[in-house]
**Student:** 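Take this structure, written in structure tokens, and hold onto it; I'll ask about it next.
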Amino acid sequence: MRRCVRLADAIDEIAIACPVCLPSDSPKDDQMLHAICSLMQNSIKPNEIAPQSLAEAVIWTEAAAVADQDLPAEKRSSLLVLVSPTSPLRIDPNTCEVILHAAEHNHPMLIGPCPMAGATSPVTMAGTAVQNHAEFLGMLTIVQLLREGVPVVYGGSAGPMDMRSGTLSYGATERNTMLCANIDIANHFGLPHFSSAGTVDSASPDIQAGQSKALAWLTRLMKGSTLGIWFGSLLTGTTVAPEQIVLDADLFRAVKSMLKGMTVDDEHLAYDAIERVGPGGSFLADEHTVSLMRDEYYYSEVINYDGEGGRSMLDRAHDKVEQILAEYKPTVSEKVRDDLQKFLNDHAQR
């Protein structure tokens, strides 16, 4: 877990950190406590959290107060709290307590209904979008009645149930259509949005994972959404691989580079360069090439362009993981790390 968190802290494209897994080498009752402290000891980035109870929400808030001591007041709090209804159209008591706690502490909230088409929402995509919106509006109303002005993000993680297995199909192509509909609805109301992308059915960094992630990220980024794109997630969010984090960061950069489009101005139209090089010449050493070659294209660090030794993308991603971690310099102060360790020890003894 520490390796994954440090990778997240080191990779610029990752804006929010979260406990990507639970440390099974710690006592079961304290696993989330250890995960929280380990996360905050290894990254200063804001945290997305999904407390399952009031007690867990309190621990997050207390730990964040320790971790945020070095931040200027305007950058606190560092917690984005994910709350979800119980589809269809219910909110369980534990979630109500978490909402009340988050509102009292003015934590921004990400409201993320997770209806499953054909099981906990209508089988049609449009019907599920209607229910998702109704559930969001209901929770939004409650949050604003508790504390008017609490920041809220429009979220959702709807998807179809695989009628063959009875489970949510994360890799279904129509899931991208459903979640892009949420972005359109959020934009209609002028709300910031979150669109779950990056969690896949595949259990390992393979072609299935790559295909699902590419389709999800391309559709979300074409819609203008960046919040909700998870790096490293596999097996419906139950596991993570450091190499997948690096591969996902590369995919993110590649899609962003493709979507930036083509610059069309005098410099990029290159009339002068074409005239200067002339028929049969070479642009390789021309000043125009030298000045723009680093910015015009994205060169992946994990894609093997030249068949170098037949090494796979996964092998190259592993090398990149080791390089990043070897060069990583902790961004969390020693005092914060020590204070979080004391916080962990005090709570673990209760």
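When reading the values below, keep in mind they use all heavy atoms of this one structure, side chains included, and skip hydrogens, waters and symmetry mates.
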**Student:** Go through the steps for Q69 and D339 under the test side chain to side chain donor-acceptor pair (under 3.5 Å), then give the verdict.
**Tutor:** CA-CA 10 Å; Q69 61 182 278; D339 288 350; 3.1 Å; yes

**Student:** Is it true that F136 and Y154 have ring centroids separated by less than 6.0 Å?
**Tutor:**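 That pair passes the under 6.0 Å test.
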
**Student:** Before giving the answer on side-chain contact (heavy atoms from CB on, under 4.5 Å), spell out for M258 and L221 the whole-Å C-alpha distance, their side-chain angles and the decisive distance to 0.1 Å.
**Tutor:** CA-CA 10 Å; M258 183 186 72; L221 291 173; over 6 Å; no

**Student:** Between N345 and Q341, do the side chains contain an N or O donor and an N or O acceptor separated by less than 3.5 Å?
**Tutor:**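 Indeed, the side chains of N345 and Q341 share at least one donor-acceptor pair under 3.5 Å.
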
**Student:** Strictly by salt bridge (charged side-chain N to carboxylate O under 4.0 Å, His left out), give each pair with a member in residues 255-267 just once, sequence neighbours left out.
**Tutor:**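 Qualifying pairs: none.
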
**Student:** Does a donor on one side chain and an acceptor on the other come within less than 3.5 Å for R220 and S225?
**Tutor:**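 There is no such pair between these side chains.
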
**Student:** Within a strict 4.5 Å, meaning less than it, do heavy atoms of the E243 and K320 side chains meet?
**Tutor:**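 Contact flag for E243/K320 side chains = no.
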
**Student:** Flag yes if V98 and I111 sit in one hydrophobic cluster, no otherwise; membership is Ile, Leu, Val, Met, Phe, Trp, Tyr, and two members link when side-chain heavy atoms are under 4.5 Å apart.
**Tutor:**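 Yes; I111 is reachable from V98 via cluster members.
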
**Student:** Given side-chain contact (heavy atoms from CB on, under 4.5 Å), test E97 with S53 step by step and report yes or no.
**Tutor:** CA-CA 7 Å; E97 292 183 333; S53 66; 6.0 Å; no

**Student:** Do the side chain of E301 and the main chain of Y299 share a donor and acceptor less than 3.5 angstrom apart?
**Tutor:**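 Checking the backbone N and O of Y299 against the side chain of E301, no donor-acceptor pair under 3.5 Å is found.
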
**Student:** Taking the inter-plane angle between the rings of H347 and F343 on a 0 to 90° scale, is it parallel (under 30°), tilted (30 to 60°) or perpendicular (over 60°)?
**Tutor:**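 Tilted: the ring planes of H347 and F343 meet at 30° to 60°.
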
**Student:** Ignoring hydrogens and geometry, is there a side-chain-to-backbone donor-acceptor pair from S38 to A35 under 3.5 Å?
**Tutor:**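 Such a contact is absent between S38 side chain and A35 backbone.
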
**Student:** Distance-only, no hydrogens or angles: does the E135 side chain make a donor-acceptor pair with backbone N or O of P113 under 3.5 Å?
**Tutor:**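 A pair under 3.5 Å: no.
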
**Student:** Once you round to the nearest 0.5 Å, how far does CG of N182 lie from CZ of F194?
**Tutor:**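 N182 atom CG to F194 atom CZ measures 11.0 Å (nearest 0.5 Å).
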
**Student:** Starting from I99, can I reach W60 by hopping between I/L/V/M/F/W/Y residues whose side chains sit under 4.5 Å apart?
**Tutor:**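 Yes, same cluster.
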
**Student:** Given side chains that start at C-beta, do those of I36 and M40 come closer than 4.5 Å, heavy atoms only?
**Tutor:**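 Contact flag for I36/M40 side chains = yes.
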
**Student:** Got a second to check how far L82's CG is from L79's CG, nearest 0.5 Å?
**Tutor:**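 Spacing of CG (L82) from CG (L79) equals 12.5 Å.
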
**Student:** Between H101 and V58, does a side-chain contact (heavy atoms from CB on, under 4.5 Å) hold up when you go through it step by step?
**Tutor:** CA-CA 8 Å; H101 174 84; V58 169; 3.8 Å; yes

**Student:** Within a 6.0 Å radius of atom CZ on R90, are there more than 12 heavy atoms belonging to other residues, nucleotides or ligands?
**Tutor:**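 Check fails, neighbour count at 12 or below.
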
**Student:** Do the non-hydrogen side-chain atoms of M32 and Q52 ever get within less than 4.5 Å of each other?
**Tutor:**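 The answer is no; the side chains never approach within 4.5 Å.
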
**Student:** Under 4.0 Å between a side-chain nitrogen and a carboxylate oxygen: does that hold for E322 and R3?
**Tutor:**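 Answer for the salt bridge query: yes.
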
**Student:** Show, in sequence, the C-alpha distance, side-chain angles and deciding distance for H34 and Q31, and conclude whether the side-chain contact (heavy atoms from CB on, under 4.5 Å) test is met.
**Tutor:** CA-CA 5 Å; H34 281 262; Q31 285 181 358; 5.9 Å; no

**Student:** Look only at the side chain of N176 and the backbone of T219, and say whether a donor-acceptor pair between them is shorter than 3.5 Å.
**Tutor:**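 No, N176 side chain to T219 backbone: no donor-acceptor pair under 3.5 Å.
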
**Student:** Applying a strict under-4.5 Å side-chain criterion to I, L, V, M, F, W and Y, I'd like to know whether I142 and L54 cluster together.
**Tutor:**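 No, because I142 and L54 fall into different hydrophobic clusters, even though each may have its own neighbours under 4.5 Å.
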
**Student:** Could you tell me whether a side-chain N or O of E48 sits under 3.5 Å from a main-chain N or O of A17, the two making a donor and an acceptor?
**Tutor:**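 Not confirmed, E48 side chain does not pair with A17 backbone.
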
**Student:** Show the nearest heavy-atom pair for residues L234 and Q244, with the distance to one decimal.
**Tutor:**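 For L234 and Q244, the tightest heavy-atom pair comes out as CD2-OE1, 3.8 Å.
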
**Student:** Would you call V153 and M109 a side-chain contact if the rule is heavy atoms closer than 4.5 Å?
**Tutor:**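 V153 vs M109: side chains apart.
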
**Student:** Is the backbone of A285 close enough, under 3.5 Å, to the side chain of T289 for a donor and an acceptor to pair up by distance?
**Tutor:**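 Pair absent, no side-chain N/O of T289 close to backbone of A285.
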
**Student:** Ignoring hydrogens and angles, state whether a donor on the side chain of D68 or S78 is under 3.5 Å from an acceptor on the partner side chain.
**Tutor:**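 Short answer, yes.
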
**Student:** Is there side-chain contact between Q211 and V200, with heavy atoms separated by less than 4.5 Å?
**Tutor:**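 No - every pair of side-chain heavy atoms lies 4.5 Å or more apart.
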
**Student:** I'd like to know if the side chain of D30 and the backbone of L33 have a donor-acceptor N/O pair within less than 3.5 Å.
**Tutor:**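 Side chain of D30 to backbone of L33, a donor-acceptor pair under 3.5 Å: no, none is there.
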
**Student:** Using the rule that Ile, Leu, Val, Met, Phe, Trp and Tyr join whenever any side-chain heavy atoms are under 4.5 Å apart, tell me whether L179 and M125 fall into a single cluster.
**Tutor:**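 The answer is no; the residues belong to distinct hydrophobic clusters.
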
**Student:** What closest approach, in Å, do D206 and A209 show between heavy atoms, and which atom pair accounts for it?
**Tutor:**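 Nearest heavy atoms, D206 then A209: OD1-N, 2.9 Å.
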
**Student:** How long is the straight-line distance from CG of L340 back to NZ of K335, given to the nearest 0.5 Å?
**Tutor:**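 CG of L340 is found 10.0 Å from NZ of K335.
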
**Student:** Sequence neighbours left out, what passes salt bridge (Lys or Arg N to Asp or Glu O under 4.0 Å) with R337? Give chain and number order.
**Tutor:**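 In terms of salt bridge (Lys or Arg N to Asp or Glu O under 4.0 Å), with neighbours along the sequence ignored, R337 is linked to no residue.
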
**Student:** Can you name the closest pair of heavy atoms from A158 and M178 and give their distance?
**Tutor:**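 Nearest heavy atoms, A158 then M178: CB-CE, 4.1 Å.
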
**Student:** Measuring only between side-chain heavy atoms, which start at C-beta, is V332 closer than 4.5 Å to Q41?
**Tutor:**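 They are not in contact (no side-chain heavy atoms under 4.5 Å apart), so the answer is no.
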
**Student:** Above 12 or not: heavy atoms from other molecules or residues under 6.0 Å from CD of E327?
**Tutor:**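 Enclosed: over 12 neighbouring heavy atoms sit under 6.0 Å from CD of E327.
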
**Student:** I245 and side-chain contact (heavy atoms from CB on, under 4.5 Å): which single residue from I14, V321, D250 fits?
**Tutor:**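 Testing each of I14, V321, D250 against I245, the sole residue satisfying side-chain contact (heavy atoms from CB on, under 4.5 Å) is I14.
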
**Student:** Charged N to carboxylate O below 4.0 Å: is that the case for K45 and D9?
**Tutor:**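 Salt bridge flag = no for D9 with K45.
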
**Student:** Could you tell me the separation between the CG atom of L110 and the CD1 atom of I16, rounded to the nearest 0.5 Å?
**Tutor:**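 Reported to 0.5 Å precision, the distance equals 8.0 Å.
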
**Student:** Distance alone, cut at 3.5 Å: any donor-acceptor contact between the side chains of R6 and N42?
**Tutor:**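 Judged by distance alone, the side chains do pair up.
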
**Student:** Show the nearest heavy-atom pair for residues C37 and L344, with the distance to one decimal.
**Tutor:**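 Taking every non-hydrogen atom into account, SG-CB, 3.7 Å.
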
**Student:** Do any side-chain atoms of residues 235-242 form donor-acceptor pairs under 3.5 angstrom with protein atoms, and if so which ones, sequence neighbours left out?
**Tutor:**
unit_1 : atom_1 : unit_2 : atom_2 : d
T238   : OG1    : L235   : O      : 2.6

**Student:** Under 3.5 Å, is there a donor-acceptor pair between the side chain of Q144 and the main chain of V152?
**Tutor:**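 Side chain of Q144 to backbone of V152: no pair is present.
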
**Student:** Determine, stepwise, if the pair R175 / S157 fulfils side chain to side chain donor-acceptor pair (under 3.5 Å).
**Tutor:** CA-CA 9 Å; R175 186 167 185 254; S157 189; 2.7 Å; yes

**Student:** Do the side chains of D286 and V290 get nearer than 4.5 Å, heavy atoms only?
**Tutor:**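 Side chain of V290 against side chain of D286, heavy atoms only: no contact under 4.5 Å found.
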
**Student:** Mind checking whether I11 and Y328 sit in one hydrophobic cluster, side chains of I, L, V, M, F, W, Y counted as touching below 4.5 Å?
**Tutor:**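 Each belongs to a different hydrophobic cluster.
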
**Student:** State plainly whether the residues K342 and D338 are in salt-bridge range, i.e. N to O under 4.0 Å.
**Tutor:**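 Between D338 and K342 there is no salt bridge, as every charged N stays at least 4.0 Å from the carboxylate O atoms.
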
**Student:** Within the side chain of S196, is there an N or O that forms a donor-acceptor pair under 3.5 Å with the backbone of G228?
**Tutor:**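 Looks like no, no N/O pair under 3.5 Å.
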
**Student:** Given 3.5 Å as the limit, does a donor-acceptor pair link the side chain of S291 with the main chain of E287, or not?
**Tutor:**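 The answer is yes, because a donor-acceptor pair under 3.5 Å joins these two groups.
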
**Student:** For the residue pair T128 / S121, report whether a side-chain donor-acceptor contact shorter than 3.5 Å exists.
**Tutor:**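 On atom types as modelled, these side chains qualify, holding a pair under 3.5 Å.
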
**Student:** May I have the step-by-step check of ring pair (Phe, Tyr, Trp, His ring centres under 6.0 Å) for W230 and F252, ending in yes or no?
**Tutor:** CA-CA 10 Å; W230 298 110; F252 181 87; over 10 Å; no

**Student:** Less than 4.0 Å between a side-chain N and a carboxylate O, is that true for K223 and D184?
**Tutor:**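 Counted as a salt bridge, because a side-chain N and a carboxylate O are separated by less than 4.0 Å.
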
**Student:** For the residue pair S257 and Y297, establish whether any side-chain heavy-atom pair is separated by less than 4.5 Å.
**Tutor:**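 No. Closest side-chain heavy atoms not under 4.5 Å.
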
**Student:** Any donor-acceptor pair under 3.5 Å linking the side-chain atoms of T199 with those of S233?
**Tutor:**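 Note: S233 and T199 side chains meet the donor-acceptor criterion.
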
**Student:** Salt-bridge test for R147 and E104: reply yes if a basic N is under 4.0 Å from a carboxylate O, no otherwise.
**Tutor:**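 No salt bridge links R147 with E104.
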
**Student:** Measure across D201 and G171 and return the closest heavy-atom pair with its distance rounded to 0.1 Å.
**Tutor:**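 Looking at all heavy atoms of both residues, the closest pair is OD2-N, 2.7 Å.
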
